[in-house]
Enquirer: 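Before anything else, here's the structure in question.
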Amino acid sequence: MITINEHYEKLAKSYLFVDIARSVAKYQAEHPDRDVIKLGIGDVTRPLPPASIKALHAAADDMADPATFRGYGPEQGYDFLREAIAEHDFRSRGVQISADDIFVSDGSKCDTANFQELFSGNQRIAVPDPVYPVYVDTNVMAGRTGSFSDGRYADLVYMAGSGANGFVPPPPAEAVDLLYLCFPNNPTGATATREQLRAYVDYAREHKALILFDAAYEAYIRDPELPHSIYEIPGAEGCAVEFRSFSKTAGFTGLRCAYTVVPSTVTVWAGDGSPRVLRDLWNRRHSTKFNGASYPVQRAAAAIYSEEGRAQVRDLTDFYLANAAIILRGLERLGYTTYGGVNSPYVWVDAGRPSWDLFHLLLNEAGVVTTPGAGFGPAGEGFIRISAFNEREKVEAAMDRIVTAIGP
Ligand code: MLT
């Protein structure tokens, strides 16, 4: 008899964005003439940068010619991309990351989901609250979280964000082995200063813990004082893994490309206390379970590091940041307290009522889809997230409708 992994039964019935899609589908069925504007899931709407399109076409031609055809590539990614990443995302910012530390993949969701499987089942885990649900759900599946009650998993340590700490919670008061961090943050849009990141790095070093740092939104940082990478903090090269994505940077949500940085200097330990090189473990996992992102996609990703590609990515991210500014202005007119939306494509709104109530109010009265903060964890209750990923006229129309529907 085939029996299931019973840890799955501790999960919420479905993934947050599936629940939202169901509510929207129901509303749409009841109001077939209503044009619903989606500012819910963080999915880009603008086309790929022209430099990536050109590279995709050229790569298709390579695949059509026996002389340049590529079959399986290196599981870790092609050198042309790994070198470009190391140079432009790290060395140009004074951070010494080698191309060998970079593992190209088909998405950060998978990488942040999969990384935990390198560690033993009894590891103590800390997650930010509110949190990108993937960090939690994958540890639930792996059996590390205990049971769920009152909105919490018994064995997880929640680092609670709030208006008071600007949604940058301090490191846990107790010792944990693995910490997930995300800055600029999904869902709150909060960013962390160097000093705030240093506190996490110091904590990890003190406790021999590992930081999994999700930097999928770093391309939205405009404040020159804010760090883009955890490796800008001395010591992080010994205790942190960083996840980056081309999705929100260059519009790759439908194309799929991301990478994970695992410096050779990060040490982890076997049960008997003997040291191991984390990069070797991830390399073993990656080369066993993954056959490399596709060649044309990696060419398209590498193209964003050309001079024209960099300018195009800047334009794309500026476009969504301008949307975020429109959202912030509309909410200010309504007197809402907001967070994020600057150096981040997400606006986090104090709903002044239960999250799902404001979600349904905005859907029913304005035909606008947002994301209820409660879906991101207990500290998200009472908030909603509004995503800046949409076309300009839709964002403007959404804010006009919201102001009309719920304004004074
Ligand atoms: C979100 O809306 O939170 C994002 O789309 C999640 C993701 O990137 O997987």
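Just so it is clear, the values below take in all heavy atoms, side chains as well, and ignore hydrogens, waters and symmetry mates. These numbers come from a predicted model, not from an experiment. Read the numbers this way: they start at 1 and go in the same order the structure lists the ligands and their atoms.
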Enquirer: When rounded to the nearest 0.5 angstrom, what distance separates NE2 in His286 from CD in Glu75?
Expert: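 The NE2 atom of His286 sits 7.5 Å away from the CD atom of Glu75.
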Enquirer: What about the rings of Tyr259 and Phe103, do their centers lie closer together than 6.0 Å?
Expert: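 No, they do not, as the ring centres are separated by 6.0 Å or more.
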Enquirer: For the rings on Tyr336 and Phe383, is their centre-to-centre separation under 6.0 Å?
Expert: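 Not close enough - the centres of the two rings lie 6.0 Å or further apart.
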Enquirer: Give me the residue, atom name and distance of the protein heavy atom closest to atom 4 (C) of ligand 1.
Expert: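 Looking only at protein heavy atoms, the one closest to atom 4 (C) of ligand 1 is Lys248 NZ, 3.5 Å.
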Enquirer: Heavy-atom contacts under 4.0 Å between Asn186 and ligand 1: side chain, backbone, both, or neither?
Expert: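 Side chain only; the backbone of Asn186 stays clear of ligand 1.
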Enquirer: For residues 23-43, which residue pairs qualify under ring pair (Phe, Tyr, Trp, His ring centres under 6.0 Å), counting only residues two or more places apart or in two chains?
Expert: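 Ring pair (Phe, Tyr, Trp, His ring centres under 6.0 Å) check on residues 23-43 returns Tyr27-His31.
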Enquirer: Mark up the atoms of ligand 1 that fall under 4.0 Å of a heavy atom belonging to Ile41, in ascending order.
Expert: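 The list of qualifying atoms is 2 (O), 5 (O).
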Enquirer: Aromatic contact between Tyr200 and Tyr203, with the criterion being ring centroids under 6.0 Å apart: yes or no?
Expert: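 Not under 6.0 Å, so no.
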Enquirer: Using the ring pair (Phe, Tyr, Trp, His ring centres under 6.0 Å) criterion, which residues pair with Phe119? Sequence neighbours excluded.
Expert: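 Expected list: none.
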Enquirer: Below 3.5 Å, N or O to N or O, backbone or side chain included: is there any such pair between Gly42 and ligand 1?
Expert: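 Yes.
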Enquirer: Considering only heavy atoms, does Tyr346 approach ligand 1 within less than 4.0 Å through its side chain, its backbone, both, or neither?
Expert: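 Contact part for Tyr346 vs ligand 1: side chain (C-beta onward).
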Enquirer: Among all protein heavy atoms in this structure, tell me which lies nearest to atom 6 (C) of ligand 1, with the distance rounded to 0.1 Å.
Expert: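 I find the closest protein heavy atom is Tyr132 CE1, 3.5 Å.
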Enquirer: Of all the atoms in ligand 1, which lie at a distance below 4.0 Å from a heavy atom belonging to Phe17?
Expert: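 The atoms of ligand 1 under 4.0 Å from a heavy atom of Phe17 are 1 (C), 2 (O), 3 (O).
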